[in-house]
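Right, one structure below, let's go through it.
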Amino acid sequence: LQAALVVGIVSTVWFGVRSLSRRFEYEADVESVRHFGAGPCSDALRKVGQLGGVPARSLRSRVFSLHPDERSRLAVMQRYQDDEAFRRRFDGQSRRLRIGFAVLLLGVTALATWFWSLQWRYERVLVRFYTGDFVATRELLDELGEPPARWQATFERIGEELAVGLELAPDARDWSTVERALEPVIWARAERQLLAQGPAAARPYTSLAIAVLPNPTTVQHTIRDYCEAAAADDPERMARLAAIVRRLGVPPSLRPVFVDQ
C-alpha cells in the first residue's frame, strides 16, 4: 500500500509537471505567433528541429517528454492564427491558469503563515536560547507552561541545558556573555558531572561545552555523543562510542568511566 501510494503521488506530480511544461511551450509558441505570424515561426521550428535532430515519435516520448512533439506545436501555431474561436479558448485557458497559480500561491502562503503563527510561540524559545539570551528563555518557558506533546522532548532538552547555563551565566542575554562565562569552566564541570552522576546527567554539560568551546577535540565530541546515547538509553551506541574514546585516547581524568569499568 505504501509503495502504491508513493507511485501514485510521484506519477501525479510528474504528469502535472509534464502538462505544465508542455502548456508553457505552447504559450511560448503562441507569443511568437502574435509578433511574427505562424508562417515564420513554423519555418523556424522546422529549421531548429532539423539542426537538432528531432527524436522519432514513440509511446515513451509521448508519455515522458516534457516537450510537445513538433507536429502538435505546428498545429497549435497555425490554429491560433487562423481560428478565432480556438484563439479565444487558448487565451482564456492561459488566464485561468495564471489565476489558479495566484490562488494556489496565496493559499499556500496563508496556510504557511497560519502554521508558523502556531509554532512561533514555541520556536522563539529556541531562538532566544541559541542566541544566548538565557534570561528571556527562562521567562518564555515560564509563560508557556506545559508544552504540547510534539515539543515536550525538545523543551525538556532545552530546560536541562538552560539550567546549566543559568547556573554558570545567570545574567546572560547574548552569546558572547555565555562564551566568556562558560568557556573557562564548562568542560571541567562536564567531567565532574560525568564522574559523579553518570553520562546521562552530564549530557547538558557536554552539549553546552561543545557549543561554547572554540576548538573542541574529536575526543570531546565523542564524549558528548556518548552522553547523548546514555540520555537516549542506547547502550549499544554507548559501547561503540566508548570504544572510540579508548582508541583516540582517554583523558586521564575520565579513566574511571572509560577504562576502569
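Note: hydrogens, waters and symmetry copies are ignored here, and every other heavy atom, side chains too, is used. Numbers here simply count residues along the sequence, with the first being 1.
Side-chain atoms of S21 come within 3.5 Å of backbone atoms of L66 as a donor-acceptor pair (strictly under, hydrogens ignored). Here the side chain of E160 pairs no donor or acceptor atom with the backbone of P204 at under 3.5 angstrom. Side chain of R173 to backbone of D133: no donor-acceptor contact under 3.5 angstrom is found. Under a 3.5 Å cut-off, the side chain of T131 and the backbone N or O of R128 do form a donor-acceptor pair. Between the R87 side chain and the Q81 main chain, a donor and an acceptor come within less than 3.5 Å of each other.
S72 and D69 are linked by a side-chain donor-acceptor pair at a separation below 3.5 angstrom, with hydrogens and angles left out of the test. No hydrogens or angles considered: a donor-acceptor pair under 3.5 Å links the side chains of S94 and R23.
For the atom pair CZ (R240) and CD1 (I244), the distance works out to 8.0 Å, reported to the nearest 0.5 Å.
Under the 4.0 Å criterion applied to side-chain N and carboxylate O atoms, R138 and D142 are assigned as salt-bridge partners. By the 4.0 Å N-to-carboxylate-O rule, E70 lies too far from R46 to be salt-bridged with it. Ion pairing between R98 and E27 holds under the 4.0 Å rule for side-chain N and carboxylate O. Of the charged side-chain nitrogens involved, none lies within less than 4.0 Å of a carboxylate oxygen, so that E25 and R22 do not count as a salt-bridged pair. A salt bridge links E161 with R203: the closest approach of a Lys/Arg side-chain nitrogen to an acidic carboxylate oxygen falls below 4.0 angstrom.
Legend: residues meeting ring-ring contact (aromatic ring centres under 6.0 Å, His included) with W120, ordered by chain and number and at least two apart, are W116. Every residue two or more places apart in sequence or in another chain that forms a ring-ring contact (aromatic ring centres under 6.0 Å, His included) with F134 is listed here: F129.
No chain of hydrophobic side-chain contacts below 4.5 Å, direct or via other Ile, Leu, Val, Met, Phe, Trp or Tyr residues, connects F24 to V33.
Geometrically, R224 does not engage Y205 in a cation-pi contact, judged by NZ or CZ lying under 6.0 Å from the ring centre and within 45° of the ring axis.
Residues F258 and Y226 place their aromatic rings such that the two centres sit under 6.0 Å apart.
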